[in-house]
Each structure stands twice: as structure tokens, then as C-alpha cells.
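Here the structure comes first, spelled out in C-alpha cells, and everything after it is commentary.
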Amino acid sequence: MSQASEPETTEGTGRIKSVSGPVVKAVDLDARMNDVVYVGDEGLMGEVIEIEGDVTTIQVYEETSGVAPGEPVENTGEPLSVDLGPGMLDAIYDGVQRPLDVLEEKMDSAFLDRGVDAPGIDLEKEWEFTPEVEAGDNVEPGDIVGVVPETVTIDHKVMVPPDYEGGVVESAEEGEFTVDDPVVTLENGEEIAMRQEWPVREQRPTVEKRTPRTPLVSGQRILDGLFPIAKGGTAAIPGPFGSGKTVTQHSLAKFADADIVVYVGCGERGNEMTEVIEDFPELEDPKTGNSLMARTSLIANTSNMPVAARESCVYTGITIAEYYRDMGYDVALMADSTSRWAEAMREISSRLEEMPGEEGYPAYLAARLAEFYERAGYFENLNGTEGSVSAIGAVSPPGGDFSEPVTQNTLRIVKTFWALDADLAERRHFPAINWNESYSLYQDQLDPWFKENVAEDWAERRQWAVDTLDEEGELQEIVQLVGKDALPEDQQLTLEIARYLREGYLQQNAFIDVDMYCPPEKTYAILSTIQTYNDEAFDALDAGVPIEDITSIDAAPKLNRIATQEDWEEFVEELQADITEQLRSLY
Ligand code: ADP
């Protein structure tokens, strides 16, 4: 069907040839790859994923039961895009950026009806726009032309869309506008509004990606202390059931020093996602006391939503994250879980009868995961600001088996791995992050920051902790065989020190106010105090003091209480003095 012959009625219109779950084949459709199309009499939203001769294959973002061959397929001629502009924070979307509250209103009940479309941001609401340019200024793509107080916490920067030409400003308006009203007009006729669109599968342009050198401080001791992630870094958390994945993610969302959080809930079981939708709005932003949602955008796809919408939700999320990055913000994107996303790819791939790769996943699984994580990074933006997207992906390996393809391919890409461990959780060691299996490849890049901002010997102390925990691991194997008392005294002492590291340093209670967030200075202080005990204790042992006397000094058990002290600085100072004095008095 040619576009030129009868453009008004038949532009791009085709007919359904076959329907297989979320995959619909159409004929006579004039379309390009990734075009968004409306399928069937109900106009269900879908995306072109394959074109072969006259047959176009479409993945449909809505339930397709009842859709029959012969029904029309309409092409929009546009790729799958998101609406970007004020109103994305405090919003809860489905995988193709339809606001859930608006959908619910339109359909009376969530997740049921089909063919309902809704813009990603409110088109009627008026926002207070203050220009930052004036007539005569020259602006280029990406430049900031004004600000809008989007929420109590975040100023939204209105930018020249990257695909504009830019040029000399003719006029800039101050006042209340809807997102589609032009607020800045250029002499070349280009009109800049608060809303812009961007195709989700395309990375937003920047000047360059830089080596990240600042940590995304999480306030979680084991993460900042041992396995730090950079601003602009990538991390994976496998989360066996009950291992504390939800609690860890909430802690990160609340305390990590990101300006904006984008949380992509991708196809976890329905009730889990409902939990997120209910929980997040209740969370308080510890920095401002406002709702955490004031700097959060939530994308929620439960597994009872159609599989193709799950495939797209990750892209929707990262595009929103990139947009806030362009404003100069540090954004943390959390995807939960990338395994469900991969399963969606697998399901669609099998409907397409593609040649399956490992465990039925498509051969391009690794490439898709890599493309996603590559959109994270620390960037110089087009407008000269610096911003970052840190991507933290949860993985849910069936049966906790890390050898499966999604975990393995993810591990090859991400630079931080926080291994949540069901055994530790069972022993009530929280956060249940396994220190033997976890790692961070950012340590060397970030050490200069910690050295400059926290303590000169930050890296040396961390190494000491890691070595001590390693040694404990080895000694534990011997203890299992012969019992603790069979060990020489110096090894028994190492076990005692390692116990304080585990209980006083690595454990952190997410439900106690004073402990849920631990600044890096306190993380350092706890570790140094345990090391003081270590050094003094080994000196005492060398001087011939019996181990029982060393381990039973009054001060020692206080090592486990530093974390919960309000005035920890004073407490630490006294404790270090007491430890030294009590141990030295023994010889
Ligand atoms: P998952 O999401 O992996 O199934 P949750 O995050 O719901 O697991 O955690 C299960 C339980 O473990 C929580 O209800 C809580 O009691 C405990 N828990 C997890 N992390 C912590 C933590 N950091 N501090 C204290 N308790 C925790």
C-alpha cells in the first residue's frame, strides 16, 4: 500500500494475518522496524519487530485474546517513544509509560481493559516556568532554557530537544504553561515546549562518557566499605526469596546519594509489584522529610501484564533516567528483576520461532543486557553539565543457581556484584550480602575519593578487613573438622576479630533509625576501632597474655554497639582508649 496514493485513509494500514499470544503478523502494512502500530478493531498498541517481504511481525503490549485475522493494523510511523517533561516524578507507569492512575480511572479497574491510551505526562496541568535565556541568546541542542519546580525536591530543567537545530532566541516567556505550550521561540521558528519525545531504544546523545570517580554513597556499610558502586556504575543483585532484596532496594532508593530514582519493577509476581506501588509512596526521603516519590519515577509491570510490555519497560525506565541525567542530575535506576525481562525476551523469541540459545533464551540475550547496562555511565552532557545514570539490576536466578544464562551474562557486564545469600538471611545476618562472593571493580577508581573525603588509609583498612574475613573463611573449614579449641591461639584470636567485623561492621539493621544510614565517616570509624582492638590484642598475645583474658576485656563487646550510637564519634574515641588501656594493663 503506497503512502502516496491515498494518504488520508490508508496510510500504512494493513491486515492481521495471524495471532500468537503477544505476537501478531500482519500483511500489507507499510512500516519500518520499531514503528508503533495499533492492532485490531480495539487498537491495541504494538511495535514492529520484524519485517520479511510483505509480512510484518508485531509485538503487542496488551492482551490479544479475541483479536482475529482480517482486522486492521494501523501504523503511526513513529518509533516507541516516551513523553519527557515535568510530571514524571511522583508518577507510576506501566511498561509503555501509561500512568497507572489515569489508566485505572479510564478503565475502572487496573490492568483489565485494552486499547486504552494515555499520555505519559499530564497535558492539561500548568507549570510555573522561569526562563534562563532571553531574546538574543544563542542556544544549542541540549541547552537548558528554563526551570520548572517539578516537585518540592526537584527543579526540572527544560532543555532544547537534542534533535533540534538551535539558534538565536526570539522570545522566552515566564508564567504558567502546559507542557505543550511553547515557552521559548527561536528565530528559526523552532518552538521549545516543556515536553519532548524520545525513542526508548535509542540512547540520548551526550558529549562523552567519562570514567566514574565518585562513589554513589549508599549509607550501607558493606557496600560503601567493601563493594562500592560509582556514580554512573553498574551493579547486579541476585535476590533469592527472603534474602532481603526488597529491604536492600528500599534502603538504596532512600539513602543512596542520587538526586533521582527510577525504579523499574519488571514482571515480578503481581502481589510483589503491588507491594512496591503501595510501599514507595509511603517512604520518606531522609534528606528532605518529603515523600520519596518526589524524586522517584516508578515503572511497574506485573507478570500478569502482557509479556511485551515487560520487554519494553526497561527501555522506558532508562530513557527517563537519561533525560534527568541530561539536566545534570545523578540518577539511580533500579531494575527488578532483569530475569523477568529476559524471560519476556525468551517468550517473544520462541513465538517468533527464532533459533533458541542457552536454556531457550534468544542468542541476542547477552547483547541486549549489554546494551542496557551500557546506557549507564558518568557523562558530560550536551549542555556542559555532568550527570550520571547508575544501573542496579536485580537478578532472580531460579533456585539461586548463578550458573544460569541471565546471571552469567549479567556478571560479564556489570562491575559490581552484591551477592544476596539465603543462608546468611536464615542466620539473620543482614544485609545478607555474601562478602566472599561479592565484588566491586570500582575500588581503585574510587579510592582517591575516599582518601580525600573520608580517610587517608581508607583502602588499607578495607584490605585488612577483607584479608581477615578471608582468613576466617579458611579457618572455619578447619574448625568444622577439629573444633575451635584445637586451633592455635593467634588463629582463635583472628576468629574473634572476624566475628566483630561481621557483627559490628557488616551487619546493619535497616529498621533502626540510627543504623539504617551509615555515613562513610562512621563506616570508617567502626572498622578502625575493630582494627585497634586487633592490633592491641595481638600485641598482648605476643606478650604472653592468655587469649581468654584478651577476649574478655570489658570494652570488647562494645565493638558491636558503635553502629547504634547516636554520638558515635565520642563513643569511638572512648572505646579506642578503653581497649588500649585494658589490654595494655594485662602485661
Ligand atoms: P526478599 O525481598 O528478598 O524476599 P525482604 O527484603 O522482604 O526479602 O526481607 C525479608 C526479611 O528479612 C525482612 O522482612 C526483614 O525481617 C529481614 N531483613 C532483610 N534485610 C534486612 C536488614 N538490612 N535489616 C534488618 N532486617 C532485614
Side-chain angles (χ1 to χ4, degrees), residues 216-229 235-256 261 263-280 282-284 286 292 298 300-303 332 334-341 392-402 404 406-407 410 416-435 437-438 501-520 522-523 526 560-565:
L216 182 74
V217 173
S218 66
Q220 309 302 305
R221 280 190 290 279
I222 184 164
L223 304 186
D224 297 338
L226 301 189
F227 312 113
I229 179 176
I237 326 182
F241 181 72
S243 61
K245 192 173 52 138
T246 312
V247 175
T248 307
Q249 275 171 336
H250 281 191
S251 298
L252 285 170
K254 269 162 67 175
F255 297 115
V261 175
Y263 188 98
V264 182
C266 181
E268 279 297 349
R269 274 161 304 142
N271 51 357
E272 280 183 23
M273 227 30 247
T274 319
E275 237 172 61
V276 171
I277 296 173
E278 282 168 5
D279 283 1
F280 259 76
E282 307 258 296
L283 297 182
E284 188 180 284
L292 193 63
L298 256 183
N301 262 266
T302 56
S303 53
M334 306 214 264
D336 180 16
S337 114
T338 55
S339 300
R340 303 281 170 267
W341 176 49
I392 300 167
V395 213
S396 7
D401 170 15
F402 292 174
E404 58 88 42
V406 182
T407 314
T410 303
T416 323
F417 180 53
W418 299 323
L420 282 177
D421 184 317
D423 290 340
L424 284 177
E426 204 168 302
R427 302 207 306 256
R428 310 293 301 162
H429 174 109
F430 290 115
I433 294 170
N434 183 311
W435 52 90
E437 286 182 52
S438 302
L501 280 175
R502 281 188 284 109
E503 295 174 359
Y505 182 63
L506 298 184
Q507 288 191 10
Q508 185 171 354
N509 194 323
F511 300 104
I512 296 184
D513 279 345
V514 286
D515 199 25
M516 50 176 66
Y517 173 80
C518 187
K522 184 171 163 192
T523 295
I526 298 176
N560 281 354
R561 302 219 304 267
I562 310 172
T564 48
Q565 299 304 314

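Residue numbers run from 1 in the order of the sequence given. In listed order, ligands and their atoms are each counted from 1. Because only heavy atoms are used, hydrogens play no part in the values below, and waters and symmetry mates are left out as well, while side chains stay in.
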Yes or no: does [X] have any heavy atom under 4.0 Å from an atom of ligand 1?
{"X": "Ser251", "answer": "no"}
{"X": "Ala425", "answer": "no"}
{"X": "His250", "answer": "no"}

If you measure every N or O of Phe511 against every N or O of ligand 1, does any of those distances drop under 3.5 Å?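 No; the residue has no nitrogen or oxygen that sits under 3.5 Å from a nitrogen or oxygen of the ligand.
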Ligand 1 N/O within reach of Thr248 N/O, cut-off under 3.5 Å: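 Checking ligand 1 against Thr248, no N or O pair falls under 3.5 Å apart.
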Starting from [atom], which protein heavy atom do you reach first, and at what distance in Å?
{"atom": "atom 11 (C) of ligand 1", "value": "Phe430 CZ, 4.5 Å"}
{"atom": "atom 13 (C) of ligand 1", "value": "Val247 CG2, 4.1 Å"}
{"atom": "atom 3 (O) of ligand 1", "value": "Lys245 N, 2.8 Å"}

Point-to-point distance, once rounded to the nearest 0.5 Å, from OG1 of Thr410 to CZ of Phe402: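 Taking OG1 in Thr410 and CZ in Phe402, the distance rounds to 11.0 Å.
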Any protein heavy-atom neighbour for atom 16 (O) of ligand 1 (distance below 4.0 angstrom)?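 Within 4.0 Å of atom 16 (O) of ligand 1, protein heavy atoms are found.
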Out of Asp515, Ile512, Asn509, whose heavy atom sits nearest atom 25 (C) of ligand 1?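 That would be Asn509.
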Regarding Thr564 and Asp515, do their side chains bring together a donor and an acceptor under 3.5 Å, going by distance alone?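 Their side chains do not contain a donor-acceptor pair, so the 3.5 Å distance test is not met.
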